[in-house]
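What follows is a single structure, written as structure tokens, with notes after it.
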2 protein chains.
Amino acid sequence: MLSIGTLARRTGTKVQTIRYYEQIGLMPEPGRTEGGQRRYGNVELDRLSFIRHSRQLGFSLEAIRELLDLSDSPERSCAEVDAVAQRQLREVEARIARLEALRVELRRMLRDCDADRVADCRILEVLRDHEQCLSDHDRAGA
Amino acid sequence: MLSIGTLARRTGTKVQTIRYYEQIGLMPEPGRTEGGQRRYGNVELDRLSFIRHSRQLGFSLEAIRELLDLSDSPERSCAEVDAVAQRQLREVEARIARLEALRVELRRMLRDCDADRVADCRILEVLRDHEQCLSDHDRAGA
DNA sequence: ATAGGGTCTACAGCAACTGTAGGTTCAAGA
DNA sequence: TCTTGAACCTACAGTTGCTGTAGACCCTAT
């Protein structure tokens, strides 16, 4: 029987985070001692590990909820799990693309500025005047 | 004289967002009509454009506040502006690196799973068992 | 028996907005 | 001039995924 602190240490989670997961129904309500403290077993340890690892891979809590539901019905088709993971991959790739556009522009901004005084600073100028901006991520929509 | 709605349309901002920026002191309190509606001029239009463009480049509101303060003192050294932009670039690059690690792992997960039933799904297995995970982003600390 | 660290609930706060409710104002048309 | 209805007003709650705090209580080792 594990206390919430031990569970926290074993999974690299904060105690409050575990209580939060319980609150939103992602973790089950555990048994309690006479005094009212939570006690966990290995099932809960595994479930929390699953949640944490999925979070590390960038899955939203809603997506994790979906995956946990799916893994509770082992006879169902794996296609749905696949779809959730695919969706996550696409989201990650979209974020990478966006950040790479930002990187290009930030680098260009930094490269072009060799002023001394703020008054002549190209960086501020670029930020002020959108027309100097190469990328079109904001007009492309999405 | 621009109404808040016109300003919003011109800068691609939501009306509430403009009021929010005013609330946190990023936009100044504008003049008002007799009836109490906000009216803006070109100074505010430029300031809001600056804010929005900076946000599109991923700067935090705090960083933008700093940049706006700096641009108010044109005689100061440009180095501080440079430092803010450098910091932002490093943050963007760190996020890209992290996301690329996620992409690798998600792709591997998807590639390795050709099961039919949830019970045999490699994706869930990987999520369950951290040891199957190639990357070490969570042990590397930060 | 007591000391201390761990745990409890309940709530506030973070970023950066977004949405809602219920009321008021403005500008254009009849 | 009056009326309509879109735009505006304030104030507050909600979003995501936690994190921190206060003040009280429990558990275990000595």
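A, B, ... follow the sequence lines: proteins, then strands. Residue 1 opens every chain. Because the structure is a prediction, the values reported are computed rather than measured.
- Considering only side-chain N and O atoms, A/S60 lies nowhere under 4.0 angstrom from the phosphate OP1 or OP2 of D/dT16.
- Following rounding to the nearest Å, A/K14 (NZ) and C/dG6 (C1') show an atom-to-atom distance of 16 Å.
- A/R65 comes within 4.0 angstrom of nothing in the nucleic acid, heavy atoms only.
- Using a 4.0 Å heavy-atom distance criterion, B/R19 is classed as a base contact.
- Put simply, CD on A/Q16 is 16 Å from P on C/dA12, counting in whole angstrom units.
- Here B/M27 contributes atom CE and B/I4 contributes atom CD1; the two are 8.5 Å apart, rounded to the nearest 0.5 Å.
- Heavy-atom distances to DNA chain C give each of A/S3 and B/R55 a nearest nucleotide, and the one nearer the 5′ end belongs to A/S3.
- Side-chain contact check for A/Q88 and A/R90: no donor-acceptor pair (N or O, by modelled atom type) lies under 3.5 Å.
- To the nearest angstrom, P of D/dC8 lies 9 Å from CD1 of B/I18.
- For the pair B/R38 CZ and C/dC26 P, the computed distance is 13 Å after rounding to whole Å.
- A donor and an acceptor atom, one from each side chain of A/Y21 and A/R52, are located under 3.5 Å apart.
- Residue A/R32 is in sugar-phosphate contact alone, with no base atom involved, counting any heavy-atom pair closer than 4.0 Å across all strands shown.
- Computed from coordinates, the B/I24 CD1 to C/dC17 P distance equals 8 Å when rounded to whole Å.
- If you take OH of B/Y40 and C1' of D/dC8, they are 11 Å apart, rounded to a whole angstrom.
- For the pair B/E22 and B/R38, the salt-bridge criterion is met [side-chain N within less than 4.0 Å of a carboxylate O].
- Residue B/M1 contributes atom CE, which lies 16 Å from atom C1' of C/dC26 at whole-angstrom precision.
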If you apply the rule salt bridge (charged side-chain N to carboxylate O under 4.0 Å, His left out), what do you find for B/R87 with B/E66, and how did you get there? CA-CA 13 Å; B/R87 203 201 310 145; B/E66 209 176 324; 3.4 Å; yes

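- Backbone-only contact: B/I4 has heavy atoms under 4.0 Å from sugar-phosphate atoms and none from a base.
- Mapping A/Y21 and B/R39 onto DNA chain D via the closest heavy atom, the residue that lands nearer the 5' end is B/R39.
- One can place CD of B/Q23 at 13 Å from C1' of D/dA13, the figure rounded to the nearest angstrom.
- Close to C/dC26, at under 4.0 Å from its OP1 or OP2, lies a side-chain N or O of B/T33.
- The side chain of B/Q37 lies closest to D/dC8, out of D/dC8, C/dG6, D/dG17.
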